[in-house]
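Before any comments, here is the structure.
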Amino acid sequence: MEEGDAKNPNTEQMEVKEPKHDGTTMRKALLVINCIMLSIGNCGSPLIMRLYFIHGGNRIWFSSWLQTAGCPIILLPITCAYVHRSRTANPTSENKLFCMERPLFVAAIVLGILSGLDNYLYSYGLSRLPVSTSSLIIASQLAFTAGFAFLLVKQKFTAYSVNAVFLLTIGAGVLALHSSSDRPANESNKEYILGFVMTLAAAALYGFILPLVELTYKKAKQEISYALVMEIQLVMCLVATGFCTVGMLVNNDFKVIGREAREFELGETKYHVVVIFSAIINQCFFLGAIGVVFCASSLLSAVVIAVLLPVTEILAVFFFNEKFQAEKGVSLALSLWGFISYFYGEIKQSKKKKPDPETEMASSLLPNTLKSSV
C-alpha cells in the first residue's frame, strides 16, 4: 500500500465532513430579530396606550381593538415568503400563499379568542393604573408562564430559573401591599383595585397563551416554519380583532370615536397618530412574542418580556412624571435579581452542554469503523 493510500481514510473522512448548515445560524438571527420586535412592542405599547387614556381617551374596547388591528402588516412578510418559495421551490411542487392546514387554523382561532379577551383585561387595567405599576404587575406573567409551561410542554427548570420565578412573583406581590399609594387623581379606590385585579388577570391569561402557542407548535401535524408562524399570528390577530369589534359594537364605540378625537387634549391629528402607532407597536409585541416561542421557548419569551421591565419603568417616570415610591424600588430590585438569576443559570447550562473541543476534534478524526466500536 502506498503512503498516499495509507493516509486516505482519515484524509477522506476530513474532506467529506462539511460544516453543518442546519439552520442554527438562521434561527439565532430570527431570535435576535424577534427579541428586538418584542422589546419595541413591550416598552412602547404601555406608554402609547397610557398616553391615549391620560389625554382624554376612555374607550377600553377600542384600545383593546387597537392591540391587534395592525395585523394586515403581517401580509407583507407572508407575501415575501411566498415569492421566495416560488423562486426556490421545485417547479413541480404546489406553492400556496397560505400553508396552514385546518387543525392548525382551528388552534389559531382558539388562541385568537383568548388573545382578544386578554387585550380587554390589559386595556382595562392600564386605563386605571400608572404604567410603572401595571408593568410591575405584568412581571408576574413569568410565574404564570413557568407554571403553565411545566404543565403543558414539560418545561425543565433549574434552581436558577425557579429562583427567578420566585423573586419576580414576590416583587409583584410587594406592590399589592401598598397599591393605593400611587392611585391617579379623581379615581376611586374601588376602580384602582379593579384595575390591579384586571392587570393581574391579563398577566395570568397571557402566561397561559404563550405555552399554549408552544404546545400548538409541538402538536402540529405539519412542519412549522417561520412563514407559518406569521400565518398563525395573522389568524390569531384577526380573530382577536373580531372579538374586540363585537365589544365595540355592543359598547357603541364606533359612534363616539369621532367626538373623542375632536376632544382629545393633544389635538385631533395627534389622536390619529397615537391610534396608528398603537396598532403598529402592539403588532411588534405580538409577532415578536410568538416568534421567540418559535425560535426558543415560551419561557424565554416571558423572560424577555419581564427583563424589559426596568426600561419601561424608567420611560414611564421620564415621560409621564410618575412617582417612584419605595415599594416600586424594592419590587424593581427583586425583579432585576430574578432576571440575573435566570440568565446566570442559562449561561451555566449552556456551558455544561457545550462539548470539550479537544474531545470533539479527536472524535471527528476517527474513521467510522472506530467510532462505531467506541
Okay, side chain of [X], backbone of [Y]: is any donor-acceptor separation there less than 3.5 Å?
{"X": "N163", "Y": "A159", "answer": "no"}
{"X": "Q222", "Y": "C99", "answer": "yes"}
{"X": "S86", "Y": "Y82", "answer": "yes"}
{"X": "T241", "Y": "T68", "answer": "yes"}
{"X": "S127", "Y": "Y124", "answer": "yes"}
{"X": "R128", "Y": "F196", "answer": "no"}
{"X": "D118", "Y": "L205", "answer": "no"}

Any I290 side-chain heavy atom under 4.5 Å of L111 side chain:
no
4.5 Å side-chain heavy-atom contact, L121 and T199:
no
When rounded to the nearest 0.5 angstrom, what distance separates [atom1] in [X] from [atom2] in [Y]?
{"X": "L47", "Y": "M49", "atom1": "CG", "atom2": "CE", "answer": "11.0 Å"}
{"X": "R59", "Y": "I257", "atom1": "CZ", "atom2": "CD1", "answer": "8.0 Å"}
{"X": "Q283", "Y": "L287", "atom1": "CD", "atom2": "CG", "answer": "6.5 Å"}

Under the side chain to side chain contact (heavy atoms under 4.5 Å, CB included) test against L38, which residue among C43, C284, S301 passes?
S301
F254, CZ atom: more than 12 neighbouring heavy atoms under 6.0 Å:
yes
Side chain to side chain donor-acceptor pair (under 3.5 Å) test vs Y271 passes for just one of R262, E260, E265, H55, namely E260
For side-chain contact (heavy atoms from CB on, under 4.5 Å), just list the numbers for F286 and Q67, CA-CA rounded to whole Å, side-chain angles, deciding distance to a tenth of an Å, and then say yes or no.
CA-CA 9 Å; F286 285 110; Q67 291 184 50; 4.1 Å; yes
Between Y52 and F264, what is the ring plane arrangement, given parallel below 30°, perpendicular above 60°, and tilted in between?
parallel
Give me the ring orientation class for Y226 and F294: parallel if the planes are under 30° apart, tilted from 30 to 60°, perpendicular past 60°.
tilted
Atom pairs and distances, side-chain donor-acceptor, residues 206-215, under 3.5 Å, sequence neighbours left out:
residue	atom	partner	partner atom	Å
E214	OE1	S298	N	3.0
E214	OE1	S298	OG	2.6

Is there a side-chain contact (heavy atoms from CB on, under 4.5 Å) between V274 and I48 once you walk through the steps?
CA-CA 7 Å; V274 168; I48 198 163; 4.0 Å; yes
